[in-house]
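Since the model is a prediction, treat every value here as computed from it, not as a measurement. Only this structure's heavy atoms are used, side chains among them; waters, hydrogens and symmetry mates stay out. Counting begins at 1 with the first residue of the sequence.
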Amino acid sequence: MLLLMRLDHMTWPEVEAYLDRAGAILLPVGSTEQHGPNGPLGTDALCPEGVGREAAKRLGILAAPTLALGVAPYHMAFPGTITLTPETFRAVLAETVTSLAQHGFSYVYVLNGHGGNSPFIRALLKELKAPRCKLHNWFAGPRVRALAAELYGKAEGLHATPSEIALAWHVAPETQRSSVVMTPKRAPGGFEKEPEAFRARFPDGRIGSEAALARAEDGARLLEAAVEDVIEDYQTFIG
């Protein structure tokens, strides 16, 4: 039986013993932001957390606590969204990774769930001399992209997508909102950086998606695809 090793559920002697034989840890990173009328605010954290814990279990490595706050200023016109400045986000991530390095972790695999975090993570990881780090966006793996295209086609959209909502529902069944009616069925496309302009253009928070297509059973398939993507990418990273 494969067991999930969570850093936050272990004692320090257990972590010390782990470091005597291994040096890798998976770090989920996400955001707390609006995901339309039927997607939980924690979608971008729930997804990498769920994928990351299952992948870490199969790989036999530690999973770190999820960093659930990211850079999402354009969603601030929607109640509940929490955003960090890029500087704060970089500082939190940098101090998290350097703390792990100080304890002896030599590989940190960063599994991200929010596209808005990506450029800041990439820039930071290039600056760090140790430990060795790798960024992977769970939604960008080849198996996930192929499955999302098969399930939703152009209805996938760009934000509050049926794939991410389906995965969040599968990981956290209590967040399901399957009876919400959305008009129009498919949200408009484009993007806006200013919060008020964003809400004016995308009144319910979706961008180009038909979020009502989300199904928790699709989330189970997406989880498996994402885990396989992560395992393959991680093994290439470790070499």
Do [Y] and [X] meet the salt-bridge criterion of a basic N to acidic O distance under 4.0 Å?
X	Y	answer
Glu196	Arg199	no
Arg90	Glu127	yes
Arg58	Glu228	no
Arg143	Glu232	yes

Short question: side chain of [X], backbone of [Y] - any donor-acceptor pair under 3.5 Å?
X	Y	value
Glu14	Thr11	yes
Thr43	Pro40	yes
Thr32	Leu69	no
Glu54	Gly50	no
Glu192	Ala197	no
Asn112	His114	yes
Arg177	Thr175	yes
Arg206	Ser209	yes
Arg201	Gly189	yes
Thr83	Ala72	yes

For the atom pair [atom1] ([X]) and [atom2] ([Y]), what is the distance rounded to the nearest 0.5 Å?
X	Y	atom1	atom2	result
Gln34	Asp204	CD	CG	8.0 Å
Arg6	Thr66	CZ	OG1	8.0 Å
Leu59	Ile231	CG	CD1	5.0 Å
Ile25	His103	CD1	NE2	9.5 Å
Leu111	Cys47	CG	SG	10.0 Å
Phe105	Thr98	CZ	OG1	13.0 Å

_Validation row, ring centre Phe191 to ring centre Tyr74 under 6.0 Å_ =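 So the answer is yes for these two rings.
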*After noting the C-alpha distance and the side-chain angles of Glu210 and Thr161, does the key distance pass the side chain to side chain contact (heavy atoms under 4.5 Å, CB included) rule?*
CA-CA 7 Å; Glu210 294 184 33; Thr161 66; over 6 Å; no
_Tell me whether Glu217 at atom CD has more than 12 heavy atoms from other residues, nucleotides or ligands lying less than 6.0 Å away._
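Count over threshold, so yes.
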Check whether the side chains of [X] and [Y] place a donor and an acceptor atom closer than 3.5 Å, and report yes or no.
X	Y	answer
Ser31	Asn117	no
Thr85	Thr88	yes
Ser178	Asn38	no
Glu156	Ser163	yes

Linking I/L/V/M/F/W/Y whenever their side-chain heavy atoms sit closer than 4.5 Å, directly or via other members, would [X] and [Y] fall into one cluster?
X	Y	value
Ile61	Val15	yes
Val110	Phe89	yes
Val180	Phe78	no
Leu41	Phe202	no
Trp169	Val51	no

Any side-chain heavy-atom pair of [X] and [Y] under 4.5 Å:
X	Y	value
Arg221	Leu147	yes
Phe120	Leu84	no
Cys133	Val97	yes

_Lys154 and Arg186: CA distance, side-chain angles, deciding distance, side chain to side chain contact (heavy atoms under 4.5 Å, CB included) verdict_ = CA-CA 10 Å; Lys154 292 182 179 179; Arg186 184 175 299 183; 3.8 Å; yes
Which pair of heavy atoms, one from [X] and one from [Y], lies closest together, and at what distance?
X	Y	value
Leu26	Gly52	CD2-CA, 3.6 Å
Pro48	Val29	CG-O, 3.6 Å
Gly219	Leu167	O-CD1, 3.6 Å
Glu33	Asp44	OE2-OD2, 3.2 Å
Ala166	Asp218	CB-CB, 4.1 Å
Ala64	Pro28	O-CD, 3.4 Å

*Go through Ile165 and Leu213 one step at a time and tell me if the side chain to side chain contact (heavy atoms under 4.5 Å, CB included) criterion holds.*
CA-CA 9 Å; Ile165 292 171; Leu213 295 175; over 6 Å; no
_Qualifying ring pair (Phe, Tyr, Trp, His ring centres under 6.0 Å) pairs with a residue from residues 215-234, counting only residues at least two apart or across chains_ =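 For residues 215-234, and leaving out neighbouring residues, the ring pair (Phe, Tyr, Trp, His ring centres under 6.0 Å) pairs sorted by first residue read Tyr109-Tyr234.
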*Kindly state each residue pair satisfying ring pair (Phe, Tyr, Trp, His ring centres under 6.0 Å) with at least one member in residues 12-59, sequence neighbours excluded.*
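Residue pairs with at least one partner in residues 12-59: His35-His159.
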_For a salt bridge (charged side-chain N to carboxylate O under 4.0 Å, His left out) check, start with the C-alpha distance between Arg53 and Glu49, then their side-chain angles and the critical distance, and finish with the verdict._
CA-CA 6 Å; Arg53 288 180 179 174; Glu49 182 172 86; 3.3 Å; yes
*asked:* Under the criterion side chain to side chain contact (heavy atoms under 4.5 Å, CB included), I'd like the reasoning laid out for Phe237 against Arg132: C-alpha separation, chi angles, the key distance, then a yes or no.
replied: CA-CA 9 Å; Phe237 164 54; Arg132 282 186 60 194; 3.8 Å; yes
